[in-house]
Visitor: 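This structure is in structure tokens; I'll ask about it shortly.
Order of the sequence lines fixes the chain letters, A, B, ..., with proteins taken first and strands second; residue numbering starts at 1 for each chain.
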Amino acid sequence: MRVACFSVRRNPDRLSFEIEARDGLARRARLVTPHGPVETPAFIPLATKGSVRGMSSREVAGFGYQMVLGNTYHLLVAPGPDRIAAAGGLHEFMSWNGAIITDSGGFQVFSLAHGGIAEEIKGTGKKRGGLAATLAIEEEGVRFRSYRDGSELMLSPESSMSVQAALGSDIALAFDECTPFHADRDYTARSTERTSRWLDRCLAWHEEYGPARQAVFGIVQGGTYGDLRRESCQAISQAGVDGIAIGGTLGRDKAEMAEVLGLTVPELPVDAPKHLLGIGEVDDLMHGIGLGLDVFDCAVPTRLARHGMALAPDPERRFRIDIRKSRAAGDSRPLVADCPCTACRDYDRDYLNYISRSEELTAVRLLVEHNLTYMERLMAGARDAISSKAFADYRRSILAGAAPTGCCL
RNA sequence: GGGGGAGUGCCCGAGUGGUUAAAGGGGACCGGCUGUAAACCGGUUGGCUCCGCCUACGUAGGUUCGAAUCCUACCUCCCCCA
């Protein structure tokens with residue numbers, strides 16, 4: 001049974017979403033926020049703590065990005081919503097003129113308890129010492145211990161929305177619990193239902209006190225269970241949100257992720273803007289766009305860069321090249337041929353290998369710029385392909401090892 | 001010429017009779033990273049016919065049941081006095 005009653009709160013002051021072209025399920029659209037448009041499909045870099053690590057806001061805009069993602073939990077811990085509000089909101093605070101979507105802190109319920117997605121799936125989170133920063137998950141909300149000073153803090157649907165109101169993001173995400181991969185069906189079901197109740201509370205609070213020009217997205221949970229995903233989709237579709245994000249565990253591997261998304265996306269209203277949270281990698285983006293998803297955010301491009309990995313059209317090596325490997329030493333080729341980023345224009349692999357191994361900050365900056373440039377070109381290429389009804393070919397060529405064709409400068 | 005000190009695995013550096021193939025760093029190599037506790041986290045790093053053996057703590061001898069650790073000679077380096 002297809003959900004038909006998607007009640008987008010169509011308020012152009014807050015958010016509009018215009019689909020401009022379709023190619024199969026994929027679509028090219030424009031998400032217009034109070035801080036400008038976002039051409040979709042779009043990849044959104046993370047500015048978790050109010051900064052895209054290693055890059056100035058001006059630089060990020062220069063790479064072609066129109067939206068970044070900030071985090072409620074991290075900005076609550078420091079510097080705190082009051083200080084950001086006093087600065088005139090997060091846009092002003094971080095000198096970012098484009099759109100901002102803020103995550104609700106729901107993911108931190110999961111990540112602070114388990115260490116991360118891979119660690120939770122593999123059960124290796126303990127290796128990092130276990131922060132135990134998530135104290136309790138209750139109907140009211142979640143109690144955390146600040147990893148900064150040990151103090152206790154609570155995040156609830158109301159307080160998360162309140163912080164996001166103070167941050168003044170263009171899109172606020174409803175407070176949710178990201179259920180772990182290892183949660184059983186019973187727990188996932190109860191958690192997902194609670195997340196739905198939390199969504200209602202978020203919307204009620206926002207209706208009353210939230211900024212008029214801030215949109216609210218609900219988050220689909222349900223783990224890897226098809227029926228729970230469906231119920232979550234229905235609850236959100238009927239709640240009166242401005243858009244929908246897909247969260248929660250997407251399974252053990254890419255095959256399972258495809259399965260879960262295959263069960264989830266068709267349950268959502270076609271016309272709603274859809275954001276796939278936390279994904280991802282080059283092939284994942286091609287897959288998600290093919291399903292009709294619009295926005296993607298992920299730590300991977302910036303984090304990999306800090307870890308010495310550059311994105312590259314090499315499916316055999318998971319679309320990345322480890323610039324610190326000795327094979328890069330003495331290699332006078334650019335990182336990626338025809339890439340317009342500084343690393344590729346001005347330097348060769350030999351030099352990048354050397355400065356990266358030397359722990360020079362410049363190496364990190366160059367790789368972050370490269371990866372962000374790569375992702376934006378990948379997405380720009382996808383947008384162009386959709387406009388010319390050639391997305392299937394584009395996707396095929398990218399997965400076969402072709403370089404992104406989009407222009408972002 | 002006289003006096004003193006030091007030589008340890010790729011590098012630095014602990015260790016002064018047995019539980020030491022030898023702490024700890026660094027480097028190197030491999031792996032991981034998907035709503036960022038992450039410019040981070042694991043693993044490996046003498047050899048082999050690998051659950052045991054061989055080779056190893058400057059070189060060559062010696063003491064001892066047993067030595068990187070004690071003794072002797074030699075080689076090299078550093079410091080001080082002439």
Visitor: May I ask you to say what A:L69 touches in the nucleic acid, namely base, sugar-phosphate or nothing, with a heavy-atom cut-off under 4.0 Å?
Guide: sugar-phosphate

Visitor: Please work out if A:L276 contacts a base, only the sugar-phosphate, or nothing of the nucleic acid, heavy-atom cut-off 4.0 Å.
Guide: nothing

Visitor: Would you indicate, yes or no, if B:rU36 has its OP1 or OP2 atom less than 4.0 angstrom from a side-chain nitrogen or oxygen of A:S111?
Guide: no

Visitor: A side-chain contact here means heavy atoms from C-beta on lying under 4.5 Å apart; do A:L268 and A:S237 qualify?
Guide: yes

Visitor: Residues two or more places apart in sequence or in another chain: which of them pass side-chain contact (heavy atoms from CB on, under 4.5 Å) with A:E256?
Guide: A:F181, A:T224, A:R252, A:D253

Visitor: Base, sugar-phosphate, or nothing for A:M309, non-hydrogen atoms under 4.0 angstrom?
Guide: base

Visitor: Which of the following nucleotides, B:rG35, B:rA37, B:rG32, is nearest to the side chain of A:S104?
Guide: B:rG35

Visitor: Can you see if the side chain of A:R306 gets near the phosphate of B:rC41 - specifically, an N or O under 4.0 Å from OP1 or OP2?
Guide: no

Visitor: Contact class for A:I101 (heavy atom, under 4.0 Å): base, sugar-phosphate, or nothing?
Guide: nothing

Visitor: Go ahead and name the base partner of B:rU59; Watson-Crick or wobble counts if both distances stay under 3.5 Å, otherwise write none.
Guide: B:rA73

Visitor: Whether A:S326 contacts B:rC29 is assessed here as follows: a side-chain N or O lying under 4.0 Å from the phosphate OP1 or OP2. Is that the case?
Guide: yes

Visitor: Between A:N71 and B:rU36, is there a contact of a side-chain N or O with OP1 or OP2 at under 4.0 Å?
Guide: yes

Visitor: In terms of ring plane angle, is the pair A:F391 and A:Y394 parallel, tilted or perpendicular, where the classes change at 30° and 60°?
Guide: tilted

Visitor: If we ignore hydrogens and angles and just use 3.5 Å, is the side chain of A:S169 paired with the main-chain N or O of A:I100 as donor and acceptor?
Guide: no

Visitor: Does B:rG9 pair with anything, Watson-Crick or G-U wobble, both distances under 3.5 Å, and if so, with which nucleotide?
Guide: none

Visitor: Within the structure, does a side-chain N or O atom of A:R324 lie under 4.0 Å from either OP1 or OP2 of B:rA28?
Guide: no

Visitor: So with a 6.0 Å cut-off around CG of A:D314, is the heavy-atom count from everything else above 12?
Guide: yes

Visitor: Output yes when at least one side-chain N/O atom of A:K325 is less than 4.0 Å from OP1 or OP2 of B:rC30, else no.
Guide: yes

Visitor: Between B:rC40 and A:H307, is there a base-stacking contact, meaning the centre of the base's six-membered ring lies under 5.5 Å from the residue's ring centre while the planes stay under 30° apart?
Guide: yes

Visitor: Look at the side chain of A:H74 and decide which nucleotide, out of B:rG35, B:rU36, B:rU34, has an atom nearest to it.
Guide: B:rU36

Visitor: Taking only N and O in the side chain of A:R53, is any of them less than 4.0 Å away from OP1 or OP2 of B:rU36?
Guide: no

Visitor: Would you mind telling me which of B:rC33, B:rA39, B:rA37 lies closest to the side-chain atoms of A:L361?
Guide: B:rA39

Visitor: Report the nucleotide, chosen from B:rA39, B:rG35, B:rC33, that has the shortest atom-to-atom distance to any side-chain atom of A:R318.
Guide: B:rC33

Visitor: Considering only B:rU34, B:rU36, B:rA37, which nucleotide approaches the side chain of A:D103 most closely?
Guide: B:rU36

